[in-house]
There are 2 protein chains.
Amino acid sequence: MSDHQQRRTSPPSGHSGDALPPVEQHAQQYETVRNAHETELIEDYVELIGDLIRHRGEARAADIANRMAVSQATVSKMIRRLNELGLVTSKPYRSLFLTEEGQKMAETSRARHDIVLHFLRALGVDDSTARIDAEGMEHHVSDKTLTIMQRFTEQQIK
Amino acid sequence: MSDHQQRRTSPPSGHSGDALPPVEQHAQQYETVRNAHETELIEDYVELIGDLIRHRGEARAADIANRMAVSQATVSKMIRRLNELGLVTSKPYRSLFLTEEGQKMAETSRARHDIVLHFLRALGVDDSTARIDAEGMEHHVSDKTLTIMQRFTEQQIK
DNA sequence: GATAATTGTTAGCCAAGGCTAAACTGTTTG
DNA sequence: CAAACAGTTTAGCCTTGGCTAACAATTATC
């Protein structure tokens with residue numbers, strides 16, 4: 001427990017930066033990030049699968065591998081995991097489908113992704129930078145912030 | 001290679017969402033995110049160590065463990081890594097110091113963190129949400145976007 | 001100053017997400 | 001229709017970053 005207050009060698013002398021948040025809050029920040037990391041990749045795969053189905057009619061392992069810049073073996077393994085998680089259905093050597101739940105996740109992810117992407121563009125970020133940043137940021141933006149971003153984008157447009 | 005165009009089962013029928021980016025660009029997005037992940041944790045540790053030193057005069061493994069909500073064993077192991085990477089110096093059972101390079105990293109991370117945090121607040125996000133989101137987002141915001149965020153924040157203030 | 005409490009380290013485990021190489025399946029084509 | 005090729009899967013490896021349990025060192029306390 002201890003966050004031992006005693007004997008601080010030199011007091012803050014705050015030349016810049018905010019104070020440290022209280023331990024519990026600080027801990028929760030990191031925990032939230034760690035949790036996000038666990039679902040992040042899963043969501044990326046599901047989102048991409050959804051996009052591929054939407055845009056090309058099917059999702060094949062090879063395409064996923066190419067677009068993710070990852071080996072096919074990795075994709076194959078991941079698909080097994082998605083299967084176990086009940087997010088996709090797949091028969092060996094056949095192309096994939098999203099389950100009900102998978103579709104929901106894809107939908108949510110894509111919506112979030114779009115909000116962040118459009119927000120960044122509305123902010124004035126160039127397209128290719130916005131795409132890269134959005135890909136990384138999307139999993140770390142809370143619903144509250146998302147709402148604010150969306151409002152901002154709409155106001156910018158009209 | 002193939003991103004096989006032939007025989008798409010059903011054409012887009014784009015009811016929503018942008019088109020898929022070209023494969024190379026798409027791949028690069030994911031690669032950027034993966035790379036960010038590798039350095040992310042390292043940066044978080046270094047940043048926290050820097051903050052602890054700044055605010056309390058020293059960084060002890062127990063404090064790091066508490067603030068990260070992680071076991072002491074994990075911290076200990078991580079410190080060994082940071083050592084190997086030349087980011088901290090540490091003698092067993094003694095508190096840590098950042099190397100030149102570690103300080104630079106801490107500094108950069110903190111600056112980035114602050115920009116994102118202040119930006120979110122300027123956008124209208126409440127403090128505790130902003131803190132959580134900033135923690136996750138900071139590693140995925142490019143320098144370009146960072147600059148834009150900073151400008152935005154400044155304009156909001158005056 | 002001996003002992004208790006706190007802090008730090010080590011050993012050994014686990015899951016995730018990469019990889020390559022090799023085996024297998026399905027499809028195309030000579 | 002057999003062979004070649006493209007796509008998929010499996011096996012087995014590696015690194016990271018968690019964990020617990022056991023042990024070691026330091027610091028505090030009586």
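Heavy-atom basis, side chains included; hydrogens, waters and symmetry copies ignored. Throughout, protein chains are lettered first and strands after them, A, B, ... in sequence-line order, and every chain is numbered starting at 1.
Here C:dT7 presents its P atom at 15 Å from CG of B:L96, a figure rounded to the nearest Å. Atom C1' of nucleotide D:dG17 and atom OH of A:Y30 are separated by 16 Å, given to the nearest angstrom.
Applying the side-chain hydrogen bond (donor to acceptor under 3.5 Å, both in side chains) test to B:D127 and every residue at least two apart in sequence or in another chain returns B:R121, B:R131. A:T129 is linked by a side-chain hydrogen bond (donor to acceptor under 3.5 Å, both in side chains) to A:D126, counting only residues two or more places apart in sequence or in another chain. Residues passing the ring-ring contact (aromatic ring centres under 6.0 Å, His included) test with B:H139, sequence neighbours excluded: none. A:S90 is linked by a side-chain hydrogen bond (donor to acceptor under 3.5 Å, both in side chains) to A:N83, counting only residues two or more places apart in sequence or in another chain.
Pairs passing the ring pair (Phe, Tyr, Trp, His ring centres under 6.0 Å) check and including a residue from residues 71-116 of chain A, sequence neighbours excluded, do not occur.
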Treating primed atoms plus P, OP1 and OP2 as sugar-phosphate and everything else as base, which nucleotides of nucleotides 8-19 of chain C get B, S or - for protein heavy atoms under 4.0 Å?
BBB-B---SBBB
